[in-house]
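Note that the coordinates shown come from a computational prediction; the quantities given were computed from them, not determined experimentally. Here is how names work: the chains are called A, B, and so on, in the same order as the sequence lines, proteins then strands, and each is numbered from 1.
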2 protein chains.
Amino acid sequence: MITMSDVARAAGVSVMTVSNVLNERTNVGADTRLRVLEVVEELGYEINLTARRLRSGRTGTIGLIVPQFDLHYYGELASRISEALAPEGMHLVVEQSGASRERELSALSLARLQQYDGVLLSAVGLDMADLDRIHPDVPIVLLGEQAVPERYHRVRMGNVEGARLATEHLVGCGARRVAVLGGKTSAPHPEMATYRTDGWSQALDQAGLPHDPALVIPLTTYSIAEARSAISAAVDGGLEVDAIFAVTDEVAIGALAGLHDAGLRVPEDVQLAGFDNLGISAHLVPGLTTIDPDHPTLVTEALRLLRRQLKDRTADPEHVVSGARLVARGTTRGRSAP
Amino acid sequence: MITMSDVARAAGVSVMTVSNVLNERTNVGADTRLRVLEVVEELGYEINLTARRLRSGRTGTIGLIVPQFDLHYYGELASRISEALAPEGMHLVVEQSGASRERELSALSLARLQQYDGVLLSAVGLDMADLDRIHPDVPIVLLGEQAVPERYHRVRMGNVEGARLATEHLVGCGARRVAVLGGKTSAPHPEMATYRTDGWSQALDQAGLPHDPALVIPLTTYSIAEARSAISAAVDGGLEVDAIFAVTDEVAIGALAGLHDAGLRVPEDVQLAGFDNLGISAHLVPGLTTIDPDHPTLVTEALRLLRRQLKDRTADPEHVVSGARLVARGTTRGRSAP
DNA sequence: TCCGCGAGATGTATCGTTAAATCTCGTGGC
DNA sequence: GCCACGAGATTTAACGATACATCTCGCGGA
């Protein structure tokens, strides 16, 4: 391994001068700078980021912690963030916390957090108390829906509003019995599913429709496979619905398959709406009606909050909520979106 | 920040003893060990991985570099690898190289590679010459299909064989004009698309079917959206086919939508087969016939090759090819898979 | 002539940990 | 009673970079 002192020796200057050149600091003569750069090139020297980090604290790397790589939502999120950071010379690495409280806590250990200049955390397994226990010296922005202590900076979607829009749309398209797939009416701590179920519930109230508890179909992993079998089972079990609000697009994809298994047509027999507006959702057959949570704003805002903390550790925490917009497609019988 | 010497002072021992305790080394008395652990707990001390890495070289972290987070294949890959590493106490972080040569090279800079104990590289933008130029001191295993210098350890799928199986299956189900979506007949360097096109081509030869160059529909990003519009455009342009072999499932999903746009039914008018057996493929409507590249083996073998290099830097390079298996589902008219 | 100044370069201490060498005893063999 | 031995603990010197203080000069002003 070639170090800075190898370069310094070869260029006939001090280590400090090499460091100054590479960090574009002042007080280096033009000719010296050139000589150093030549030698760097010639020896193929590259800086040791570990050493720099230990000494200076800066890493140039942002960490994103997500529950699962293979939920499409997180893949898209990671991709967007990575692209947004690239032009600033920052660099994203993604870790999977595995959706369990235990692994999420381990991903949030000081040891692991220290490795980043900042962390974007999309937690699901942690509750308020866990988050309260963590006092990292690294800027963190929470992405997500669960309740969090005030001191955290945070960006989230307009869950209740979005779910209400989706459900209203289903009702507006003639639905009278709207199930919520992945719904959750009570939980020790509010989270994505409870908020979206609230929105569903509000829309039903507003429309004067009853909400039969049988219409809430719970899920635990929110995977396509689980959603599919849940829907199949529900229909086989005699559940009668004319519409389904799926709490995520991933779940809606499973519902599409499950309804097909049960011999029901979408949207003729049962209408369907999701939430997230995944890239794939526009390309399903039929196209999935869904809620667009305004991904670009989510990303922009999350990075803005992060940069703000990077500049000023004591910046006041901010909670940002992105707007929700309905995207009507083939799984519902309404007119197309504007 | 609390350091080891804070712990040492509080426990009335030397820093080295704390280090010995935390690293479970011998020559520490039982009572001393307990006292140290108590103090660690009490102060909430966590090791500084950066310092450890600088001194010892070990990081406990494996890097996975993929072109795009939002291609479903890579999300699933990352998830599988992450789960496989967890029980060994190793830890996966994923980076996106953005599919461009430039960004891929930057992800492979010594500086970035040094951060990991080992690297799994799923490169697409790099050619043989680029890979030949890189001489990292970190164990690398290449995952993927392009031609690579002999000295690299590598795991890949049975591309040609798989593509042949898929195409044979289509032909066996009565297809006579089989297009290859995402196909590429010539390229400066062989890659995923060329190998799979070769397999398609072999199957046609074997069946005595001509391969009209118009049947090769090229793509550049292999995204769902691109595939969809390519198929729409091809059909609108007068292309007549009774089957499509899509080089990836992602592309097949786009084809499904594109065929629907063109008013063609699957599998009645046009049969369809993909490659990769993504998680979602079983849950499309109709279910996607595809090639299963044996993901578990791919992951197991990749990690085996990595561990082998971790143990012995000079281990002879190995090239592993996983087996391909047809999974017949609703997009083709054959009997179901065994 | 002398001093102050600043550009250009260097020296030194340090970040927090670990490898390797060293020190300190109590014990058992002869 | 002496010495070898090894468990238990400590000391020392890095790992490769950077922050900060310092040094050297040539030059212009008093």
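The line from CZ of B/R53 to CD of B/Q115 is 5.5 Å long, rounded to the nearest 0.5 Å. Expressed to the nearest 0.5 Å, how far CD1 of A/I62 lies from CD of A/E88 amounts to 8.5 Å. Going from atom CD1 of B/I65 over to atom CD of B/E95 covers 5.0 Å, rounded to the nearest 0.5 Å. Atom OG1 of residue B/T26 and atom CG of residue B/N20 lie 8.0 Å apart, to the nearest 0.5 angstrom. With rounding to the nearest 0.5 angstrom, the NE2 atom of B/H295 is 6.5 Å from the OH atom of B/Y73. Rounded to the nearest 0.5 angstrom, B/T59 OG1 and B/D117 CG are separated by 3.5 Å.
A donor-acceptor contact shorter than 3.5 Å is absent between the side chain of A/R9 and the backbone of A/M4. Counting only distance, with no hydrogens or angles, the side chain of B/D70 and the backbone of A/G75 share no donor-acceptor pair below 3.5 Å. Distance alone, capped at 3.5 Å, is enough to place a donor-acceptor pair between the A/S14 side chain and the A/T17 backbone.
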Donor-acceptor pairs under 3.5 angstrom involving side-chain atoms of residues 39-46 of chain A: please list them, not counting sequence neighbours.
unit_1: A/E46; atom_1: OE1; unit_2: B/A111; atom_2: N; d: 3.4
unit_1: A/E46; atom_1: OE2; unit_2: B/L110; atom_2: N; d: 3.2

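Whole-Å rounding puts the A/R25 CZ to C/dA7 C1' distance at 16 Å.
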Problem set entry | Base-contact (B) and sugar-phosphate-only (S) positions in nucleotides 8-17 of chain C, heavy-atom cut-off under 4.0 Å, - elsewhere | BSBB-BBBBB
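Residue A/R58 is classed as having no contact, given no heavy-atom separation below 4.0 Å to the nucleic acid.
Applying the 6.0 Å contact sphere to CZ of A/R58 captures no more than 12 heavy atoms from other residues, nucleotides or ligands.
Computed from C1' positions of five pairs at each end, the angle between the two local axes of the helix from C/dT1-D/dA30 to C/dC30-D/dG1 equals 60°, rounded to 10 degrees.
Salt bridge B/R154/B/E301: absent, no basic N to carboxylate O contact under 4.0 Å.
From the 5' end on, the contacts that DNA chain D makes with chain B at under 4.0 Å to a non-hydrogen atom open and close at D/dA7 to D/dG16.
B/E38 meets the salt bridge (charged side-chain N to carboxylate O under 4.0 Å, His left out) test with no other residue; sequence neighbours excluded.
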Write out a two-atom table: protein N or O, nucleotide N or O from nucleotides 24-28 of chain C, distance below 3.5 Å.
none

